[in-house]
K.L.:
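Okay, handing you the structure first.
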Amino acid sequence: MSQTQTLYAAYAEKIDAVLSALEMEGTLPPETNRANVSVEPPRDPSHGDLATNAAMVLAKQAKTNPRALAEQIVEHLKRDPLITSAEIAGPGFINLRLAPQSWVEELLAIAEKGDDYGRSAIGTGTTVNVEYVSANPTGPMHMGHCRGAVVGDALASLLEHAGHDVIREYYVNDAGGQVDTLARSAHLRYREALGEDIGDIPEGMYPGEYLVPVGKAAAEEFGDRFVSEPEEEWLPIFRSFAVERMMAMIKSDLAMLGIEHDVFASEAALQAAQKPEAAEAWLREHDLVYDGVLEKPKGKTVDDWEPVELPLFRSTKFGDDQDRSIRKSDGKWTYFGADLAYHMQKAEKADALIDIWGADHAGTVKRIKAAVAALSEGQGEPIPFDVKLVQMVQLLRGGEPVKMSKRSGNFVTIADMVEEVGKDVVRFTMLTRKPEAQMDFDFAKVVEASKDNPVFYVQYAHARVCSTLRKAKAEGLSPSSEHLDTLGEDERTLIKQAAQFPREVEAAARAREPHRIAFYLYDLAAAFHAYYNLGNDDAQKRIIVAQNPEISGARLFLGQQIGQVIRNGLGILGVEAVEEL
RNA sequence: GCGCCCGUAGCUCAGUCGGAUAGAGCAUCGGAUUCCUAAUCCGGGGGCCACAGGUUCGAAUCCUGUCGGGCGCACCA
């Protein structure tokens, strides 16, 4: 049994050992396929602490009926002193009850591991690159980026807790045409800063006020040197000048959400290093890129469409609707052309890649997956690559949609939102929904009705633990593991809930679904609130029991560990575990 | 027209590798506070898991089709 093994994993191993014994005895055929055997807590707690479907799944292979096989398994399990009962139920489930001692031990394990309780080793030895946000460096972060940012960040720390090495990466699209637009817009604000009346911002330029300080900074830096120079003189300079400032702004927006990336990868640098050229050469060699003409797009009218010959990647070979161009007609790289080279660059330093994208990019998933599969397979090992799509967030205020228009520069920024409702609310709310479902985010609801807001509910549970400990300390009591045998059924219910945490982390990490942690924490908080309230009806059931330091010590110890688990879970989500509300 | 995502209580959503009587919150109705924080707790009512087939010991979950909502569909990113 390894140090980091969960209680559930330990019992899965015990059952596995029983199955092996049955194979030896001849009850089960050798090398039985056990892939579908599960060991998990039953949904209905009255069924016991653990349930396994082993008999039902294996009956066919054993050429017997589930109940008969179950009896054989039960026979073996009953020999374990920590298993107080093993019963056959329903179609052939085996329900186990564990000795109170098992749960006391789990409680001690939480105390011993502390901040590390819930960490797992399932990911040890593999590095995962999580690319998220990657907003264009042309303006501040707005709501469209927020959900992906939070989900990506929570996923990254979830994977860390599962034992992976994680690279948090941001792809800076500093090479495309939109950066030229940014540079021109910044130049306009630069002239404005030098006293020129620039009038209305022309169509096609970025009108946002956030460029005003960039113009001023440019004026200070360059004086009037570039006012009347031809564009080709100043464009590259303004491009990098503006991108640098945009990225500084974005980083500060991300910091407000508690997000910090390890790597900012520049598309321009990638192109300067001729990575796309290398990828193209390899793909051409393997007949995966050819020169061809695409058909006119259907279902959408394109006014200036005309047939052009372009270098095309054969993504249709991988299930895409049509082949995709990797260069534009002017010879420059398309986003896709650079992006496939970028993914190969990421693959050099990681064993698995995950991209977090907005749902509006769903149409490009097939081509990039195809390209990465082809390239990575051709250049050695195929690399596991997952694209997680995060659906749109509809912003509401009191049920009414908040109007946003990027063109007018009128949109809700992340900075606005964090200032209004706070980082913890934003993060937790974004994580209490599975990412592939659309969600509404109502400002009014999220701040005003704090009682129906799960983040406060969870934080309150933690704060209650802390306040109880403070109160105890004032009364000269302290948590103690001396008399944990005084803990009863009410306490065990709570411990069982807490004991699921490591299992939940592993499951969430495997599924790459950080939102499960949020829901788990809600359930744990509910269990704690329920436990706490028992003391309202019966003073003997309080955590601090007058004149009884032994029970109080044990219950305080329990409370302390529940607080620890909540803290660890909130830590994964990047939400603060406050000590008082 | 095609592709991807979603459809579970009046509303917002969970639902573990397919598992036992489908769960929470809000809303609604009824209770708990001289007492460790009531931002909490306990209880009642509320369901054709969009619809129709299929797969199997077993389907909200997997497959096919239909309907409804969202997103996307040359060289933008």
Side-chain angles (χ1 to χ4, degrees), chain A residues 35-38 40-44 47 51 53 56-57 59-60 65-66 89-93 95 134-136 138 173 176-178 293-300 302 305-308 310 319-322 324-330 332-337 339 358-366 389 391-392 394 432-434 436-440 442 445 449-454 456-457 459-461 463-464 467-472 475 503-504 507-508 510-511 515-516 518-519 522-523 526 529-537 539 542-545 552 555-556 559 580-581:
Chain A
N36 293 323
V37 174
S38 70
E40 53 191 29
R43 287 187 178 168
D44 183 345
H47 289 142
N53 61 354
M56 288 184 291
V57 173
K60 218 179 235 179
N65 69 67
F93 286 101
N95 293 329
S134 298
N136 284 335
T138 55
N173 300 126
Q178 84 283 356
V293 179
L294 290 174
E295 281 174 30
K296 191 170 179 174
K298 291 176 178 131
K300 191 191 173 195
V302 184
W305 189 88
E306 52 187 40
V308 197
L310 294 167
D320 204 354
D321 302 337
Q322 60 175 213
R324 305 291 174 174
S325 61
I326 60 168
R327 288 178 190 261
K328 307 181 207 173
S329 48
D330 64 4
K332 288 183 180 162
W333 298 103
T334 61
Y335 183 83
F336 172 60
D339 204 29
D360 50 343
H361 292 76
T364 65
V365 172
K366 277 185 182 169
L389 291 177
Q391 289 290 329
M392 301 286 127
Q394 160 110 319
T432 42
R433 211 130 316 183
K434 55 183 174 193
E436 65 269 27
Q438 293 154 239
M439 76 179 285
D440 292 342
D442 194 319
K445 235 179 181 173
S450 60
K451 67 173 187 175
D452 74 24
N453 193 328
F456 292 108
Y457 187 82
Q459 288 183 321
Y460 183 38
R464 264 186 159 170
S467 85
T468 308
L469 288 168
R470 281 193 300 268
K471 167 105 178 166
E475 294 181 15
R503 197 177 156 267
E504 211 61 51
R510 268 199 201 97
H515 73 275
R516 290 194 196 189
F519 283 98
Y522 187 89
D523 290 341
H529 286 309
Y531 174 70
Y532 183 93
N533 273 276
L534 292 173
N536 285 341
D537 295 330
R542 290 181 169 208
I543 293 173
I544 299 170
V545 181
S552 300
R555 290 182 182 170
L556 285 165
E580 48 192 318
L581 283 180

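FYI, side chains are in, hydrogens and waters are out, and symmetry mates aren't considered; it's all heavy atoms of this structure.
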K.L.:
With a non-hydrogen cut-off below 4.0 angstrom, is Glu580(A) in contact with a base, only sugar-phosphate, or nothing?
P.N.:
base
K.L.:
On the nucleotide A38(B), are OP1 or OP2 found under 4.0 Å from the side-chain N or O atoms that Arg464(A) carries?
P.N.:
yes
K.L.:
Can you build the contact string for nucleotides 15-20 of chain B? Use B for base contact, S for sugar-phosphate-only contact, and - for no protein heavy atom under 4.0 Å.
P.N.:
SBB-BB
K.L.:
Across the strands shown, which category fits Gly92(A) at heavy-atom distances under 4.0 angstrom: base, sugar-phosphate, nothing?
P.N.:
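Answer is nothing: Gly92(A) stays at 4.0 Å or more from every strand.
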K.L.:
If you compare all heavy atoms of Ser325(A) against all heavy atoms of Phe336(A), which two are closest, and at what distance to 0.1 Å?
P.N.:
O-CD2, 3.7 Å
K.L.:
Side chain to side chain contact (heavy atoms under 4.5 Å, CB included), that's the test. Do Ile543(A) and Tyr531(A) meet it? Break it down for me.
P.N.:
CA-CA 9 Å; Ile543(A) 293 173; Tyr531(A) 174 70; 3.9 Å; yes
K.L.:
Taking any heavy-atom pair under 4.0 Å as a contact, classify Glu306(A): base, sugar-phosphate, or nothing.
P.N.:
base
K.L.:
What are the two closest non-hydrogen atoms of Thr432(A) and Ala518(A), and how far apart are they?
P.N.:
CG2-CB, 4.1 Å
K.L.:
Roughly, in whole Å, what's the span from OH in Tyr457(A) to P in A38(B)?
P.N.:
13 Å
K.L.:
Ignoring backbone atoms, test whether Lys332(A) places a side-chain nitrogen or oxygen under 4.0 Å from the OP1 or OP2 oxygen of C76(B).
P.N.:
no
K.L.:
Mind checking if Gly535(A) touches a base, just sugar-phosphate, or nothing, with heavy atoms under 4.0 Å?
P.N.:
base
K.L.:
Report which part of the nucleic acid Ile544(A) touches: base, sugar-phosphate, or nothing (heavy-atom distance under 4.0 Å, all strands).
P.N.:
base
K.L.:
Considering every strand and a 4.0 Å limit on heavy-atom distances, what is the contact class for Ala359(A): base, sugar-phosphate, or nothing?
P.N.:
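Sugar-phosphate contact only.
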K.L.:
Could a donor-acceptor pair under 3.5 angstrom be found where the side chain of Ser329(A) meets the base of C75(B)?
P.N.:
yes
K.L.:
Base, sugar-phosphate alone, or nothing: which one does Thr334(A) contact when heavy atoms must sit under 4.0 Å apart?
P.N.:
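Result for Thr334(A) = sugar-phosphate.
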K.L.:
With distance as the sole criterion, do the side chain of Gln438(A) and the base of G69(B) form a donor-acceptor contact below 3.5 Å?
P.N.:
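Counting by modelled atom types and ignoring angles, a donor-acceptor contact under 3.5 Å is found here.
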K.L.:
Base, sugar-phosphate, or nothing: which does Ser325(A) touch, judged by heavy atoms less than 4.0 Å apart?
P.N.:
sugar-phosphate
K.L.:
Could you give the CG-to-C1' distance, from Asp320(A) to C4(B), as a whole number of Å?
P.N.:
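Result: 11 Å.
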K.L.:
Starting at CD of Glu295(A) and ending at P of G1(B), how long is that distance when rounded to a whole Å?
P.N.:
18 Å
K.L.:
Taking only residues two or more places apart in sequence or in another chain, which ones pass side-chain hydrogen bond (donor to acceptor under 3.5 Å, both in side chains) with Arg433(A)?
P.N.:
none
K.L.:
Could you write out RNA chain B as a dot-bracket string, with dots for unpaired bases, | for bases paired across to another strand, and Watson-Crick or G-U pairs counted at under 3.5 Å?
P.N.:
(((((((..((((.....[...)))).(((((.......))))).....(((((..]....))))))))))))....
K.L.:
Hey, is His361(A) doing a stacking thing with G72(B), by the 5.5 Å centroid and 30° angle criteria?
P.N.:
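By the stated criterion, His361(A) and G72(B) do not stack.
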